[in-house]
> 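First the structure, then my questions, so here it is.
Below, chains carry the letters A, B, ... as their sequence lines are ordered, and counting in each starts from 1. Note that these values count all heavy atoms, side chains included, but never hydrogens, waters or copies made by symmetry.
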Amino acid sequence: MSVIAGIDLGTTFSALAILNSIGKPQIVPNAEGERITPSAVFFDEEDTNVIRVGIEAINSRQLNPERSVRWIKRHMGDRKFKKTIDGKDWTPEEISSLILKKLKQDCSRDEGQINDAVISVPAHFDEVRRKATMDAGRMAGLNVIGIVNEPVAAALHYATACEVTGRVLVYDLGGGTFDVTILDVQNKDINIVCSQGDHALGGIDFDQKILEMFQKAYREKFHAELLVDDEAQAKYEDEAEDLKKTLSRRPSAKKMLYGQAGSMRVEITREQFEEAIAPLIARADMLVEVTLQEAQCNPSDINKILLVGGSTRIPMIHSRLEKKFGKAPEAAVNVDECVALGAAIHAGLIKLREDPSEIDRGVAGGLRDVKLKDVCNHSYGTICAPRDEETGQYVVQNSIILKKNTPLPCESTQRFFTMVDGQTELQVTITQGEDTDPDYVNKIATEIFELPPDRPANRPIKVTYSYDLNQRMHCTFQDEESGRVLEVNFCVGENGEMSEDNVAHKATEMEGFKVE
Amino acid sequence: MLEVGVVVVLAVIWLVYLRMTGSGMRMPGRRSATAGPVDRERFMCKIDRSQIEYNGSFVPGLVIKMRGQLRVPHNNCDTDVQAIAFDVTEGQNNAHPVLSILPQWQMEDSPAFCLLAHNGRVPRKISVLANWVTIGSIPCSVLKFPRQGQRQLKFVISLLNRSSEKELLSTATTFPYDNHEAGYIDLRESFQKVEGMMIQLAVAAAMEEQGPSDKGLFAIREWIEKRNQGVSGAPDSREKSVRLLAALDQAVQRAMQEDFDAEAICRSLAQNASIVDRYNTIRLVLRVVAAEGNVDRDQTDQLTRVAELLKIDRDKFRALAQKSLPINTHCIEDIRFLLGITETMPSEEIRRRLNEEYQKWNGRVTHPDQEIRTQADRMLALIAEARNRFVEQSWNVPAAS
Ligand SMILES: Nc1ncnc2c1ncn2[C@@H]1O[C@H](COP(=O)(O)OP(=O)(O)OP(=O)(O)O)[C@@H](O)[C@H]1O
Ligand SMILES: [Mg+2]
């Protein structure tokens, strides 16, 4: 039997789900019997043959924080980031692949080898981060057949597990990231309307605020620092998270602080916590407003608010949403698991579309009615030099061709003109980003388009971008007069630094590391 | 297209010329029976003002004509005819060239007006054009004069030997002309005045208690250098740089001696500077302020006021300010300035503005450039803080219809 899996590779926790024989997703518990696994890695000093992942890594962390890694997702795709352990530089992809390897390994104990997998990413992840996530999966020995946006995965699970109709807002506040997605659901027909995300807003930022309160209290009492070293930092990060969770249940919580200058008890009330995180909540509020605006709808147009992610357990989040929308948000599905479950469904849908013969009949039957219409995650454009209406000067500018949140598959064409007489070359740049100022967009490809000689300026060039269901982008630049065409194709994130060969080579290298 | 027009004019001249040689041509020595008040034997020119056809429509133009005796070194001498023009309003000794904006009516090495046309072979050593022959028609809008108002123009028409390019004959005519547009000297003077004001304003922005700051002055000098690079190689490049540096010295002296009125300068710039230079002004001022690193509330208030007076679009100004004063390298006391919000703005408008800013910067946090990522992160934190501080906390926004 072929095992199809969905993996939620979270900032703080990860989870894996597979499709059962009737096409229903189910979480596969890890070797420790837990349904979610902390996204933490610890390189054991005593036993360098084994790398600890999950709860073991969390437990060992306070002993030697230097050799532990958490929240690696925040560094995904960052080429400059590395963690050096015993002389080896670990990239974010490699560290993530260790987490994925552990999930894969634990799953195979009970369910057999995973054939195909989909990994979820925050909706706002750009091409580079998506590609890095895919690479991490491949390095872990997974056949990654696709990437799905976390809120889309959550919605897929929600719509298939519950009877839902209407416009839904998915509020996904996890450990490290925050996404808001608006979608229309009609039974198992799911149309994504739009998504917006904040890459630096999540549970760990709330923890940080509590940590600051600890430090302040300690400083006030002892005029000394609480966090004198990495160990203390690691310890009190954990204590802060613990206290935060308690505050979700109780109006106040206490902790002992054992510093070098003395010990003290600190009490933090829910009110104080809420005041401390107010700027972060303001940021979350803005993201909701901006998403509503993008979907061109009012709060009253939203029929259901679906909560996803561990941080939505904070009571203040509920009350604010209820105030804004005039109805209580729902945690209709398990907030920790729904992303992995939805990712498994997404994997099944891809399989059904691309290799229907390879999928078991029971599984196919279970997925038959599920229809998903996704949207383009980013805006894509090109650099051009139109005349500024106000000043009359030519200004170099990014012109968006394919707009973010256009339903997939999509295609869009714009016409540009050559600038000077006798222009024989056109530098074409493909950009990703919303800005018109070219300094602020991500230039993901640059090519030279050769044009026929001896022509005056103002020759029309037709530029067409298209984006298919498999998240593949295709660009053509056509010189209308001569019919000459330049084509640029690339898969999600293939502009990443790592070539396919490289990934295969890395995968072999990673096989040598044992995880536990 | 335009070049084709000139060829047509030449063909007409030649046709007229042929006709003259056949019938109306008079031999020298004999007096014309119909000689009027004009001496038909003298080589002369005139300029008629009339509507001429240009690019498919009729526009006011100058029609350049010649007639009279042509003396050439030998029979069948191939010739060119040339017309150049001066503004002699301030006297023959103080003549200024008339310029053309189109290259086909310019001198080889300068924009001064010059019409050069093939006149064809003059059949005999001495021939006479009995009737006025049109050399060319020039739309008035193509010509640029030194100053606005009543001008005295002088056109000089020459017959050139085509092979040696030597001048064989020449004649001139002077006539009054009313120029409605600002002249190029007017423009240069007002442009120089504008540049002086830009520098004065920049010096004002660089002022500290003891005088202008070194960093600020350095930024202005850099700007002067850069402004000159645009025309590098041009003959006035050095002269311009000397002039701008002198303007800077003057501005510094003025700023040290008197309390000059920066607002008045802004108002004058708003009136006299081109829109491009108004933007250049605000860029320069921002640059000077940015050179310091720390920006206090007074400075940001002034910047806002300057932008307002210069009639700079508010959104564009904000974008310029955010770019010139990156939050990750500059300490800005009043964050509202960077976010484009003001004390008097209603909460709802602040909310909308901050949302716009949030959306903009949120799209930049994944930029490949670390500097921009850091800037974006700082801006988002700033925006969140502003929202928390300046927007009413109740999220109880009434559901719009
Ligand atoms: N009861 C609670 N109250 C407050 N926060 C909680 C509670 N339970 C869990 N959290 C927080 O939820 C976060 C983990 O949520 P989740 O597992 O959804 O995130 P993730 O998937 O790891 O991260 P992301 O989706 O952002 O990559 C942690 O920061 C954790 O502290
Ligand atoms: Mg998550």
> Which one of Lys323(B), Arg373(B), Glu385(B), Lys360(B) has the most heavy-atom pairs closer than 4.5 Å to chain A?
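Of Lys323(B), Arg373(B), Glu385(B), Lys360(B), Lys323(B) has the most heavy-atom pairs under 4.5 Å with chain A.
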
> Could you please state which residues from residues 276-284 of chain B sit under 4.5 angstrom from chain A, measuring non-hydrogen atom to non-hydrogen atom, sorted by number, or 'none'?
Val276(B), Tyr279(B)

> Taking side-chain contact (heavy atoms from CB on, under 4.5 Å) as the criterion, tell me which of Leu292(A), Val290(A), Asp285(A) meets it with Asn355(B).
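The residue from Leu292(A), Val290(A), Asp285(A) that satisfies side-chain contact (heavy atoms from CB on, under 4.5 Å) with Asn355(B) turns out to be Val290(A).
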
> Report the distance from atom OG1 of Thr366(B) to atom CG of Asn442(A), rounding to the nearest 0.5 Å.
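The distance works out to 6.5 Å.
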
> Atom OH of Tyr440(A) and atom CD of Gln375(B): how far apart are they, to the nearest 0.5 Å?
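Those atoms lie 4.5 Å apart.
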
> Are Glu289(A) and Arg352(B) close enough for a salt bridge, meaning some N to O gap below 4.0 Å?
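Judged by the 4.0 Å cut-off on N to carboxylate O distance, Glu289(A) and Arg352(B) do not form a salt bridge.
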
> Relative to chain B, which segment of Leu287(A) carries a heavy atom at a distance below 4.5 Å: side chain, backbone, both, or neither?
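Contact with chain B: backbone and side chain both.
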
> With a 4.5 angstrom heavy-atom cut-off, is it the side chain or the backbone of Glu356(B) that approaches chain A, or both, or neither?
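The answer is neither part of Glu356(B).
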
> With a cut-off of 6.0 Å (strictly less than), are more than 12 heavy atoms of other residues, nucleotides or ligands near CD of Glu275(A)?
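For Glu275(A), atom CD is not crowded (no more than 12 foreign heavy atoms under 6.0 Å).
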
> Do Glu294(A) and Gln359(B) have a side chain donor and acceptor closer than 3.5 Å?
yes

> Does Asp454(A) CG have over 12 foreign heavy atoms under 6.0 Å away?
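No.
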
> Taking side chain as everything from C-beta outward and backbone as N, CA, C, O, which of these in Lys316(B) sits under 4.5 Å from a heavy atom of chain A? Side chain, backbone, both or neither.
side chain

> With chain B, which of Arg129(A), Lys80(A), His378(A) has the greatest number of heavy-atom pairs at distances under 4.5 Å?
Arg129(A)

> For Gln192(B), I'd like to know if atom CD has over 12 heavy atoms of other residues, nucleotides or ligands within 6.0 Å.
yes

> Answer with yes or no whether the side chains of His199(A) and Asp377(B) bring together a donor and an acceptor at under 3.5 Å.
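Note: Asp377(B) and His199(A) side chains meet the donor-acceptor criterion.
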
> At a 4.5 Å cut-off on heavy atoms, which part of Gln393(A) comes close to chain B: side chain, backbone, both, or neither?
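Side chain only.
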
> Does any non-hydrogen side-chain atom of Arg283(A) lie less than 4.5 Å from one of Asn388(B)?
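No - every pair of side-chain heavy atoms lies 4.5 Å or more apart.
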
> Glu322(A): which residues meet the salt bridge (Lys or Arg N to Asp or Glu O under 4.0 Å) condition with it, sequence neighbours left out?
none

> Only counting residues at least two apart or in another chain, list the ones meeting ring pair (Phe, Tyr, Trp, His ring centres under 6.0 Å) with Phe273(A).
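With sequence neighbours excluded, Phe273(A) shows a ring pair (Phe, Tyr, Trp, His ring centres under 6.0 Å) to no residue whatsoever.
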
> Counting only heavy atoms not in Glu181(B), do more than 12 sit closer than 6.0 Å to its CD atom?
no

> Flag yes if more than 12 heavy atoms outside Lys311(B) fall under 6.0 Å of its NZ atom; otherwise flag no.
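Atom NZ in Lys311(B) is not crowded, with 12 or fewer foreign heavy atoms closer than 6.0 Å.
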
> Name all residues meeting the side-chain contact (heavy atoms from CB on, under 4.5 Å) criterion together with Leu187(B); count only those two or more places apart in sequence or in a different chain, and write none if there are none.
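By the side-chain contact (heavy atoms from CB on, under 4.5 Å) rule, Leu187(B) matches Ala182(B).
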
> Is any side-chain heavy atom of Arg387(B) closer than 4.5 Å to one of Met286(A)?
yes

> Minimum heavy-atom separation for Ala384(B) to Pro279(A), with atom names?
CB-O, 3.3 Å

> Which atoms of Asp435(A) come close to chain B, meaning under 4.5 Å heavy atom to heavy atom: side chain ones, backbone ones, both, or neither?
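Contact with chain B is through the side chain of Asp435(A) alone.
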
> Distance check, rounded to the nearest 0.5 Å: Glu371(B) atom CD versus Asp439(A) atom CG?
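Output value for this atom pair is 12.5 Å.
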
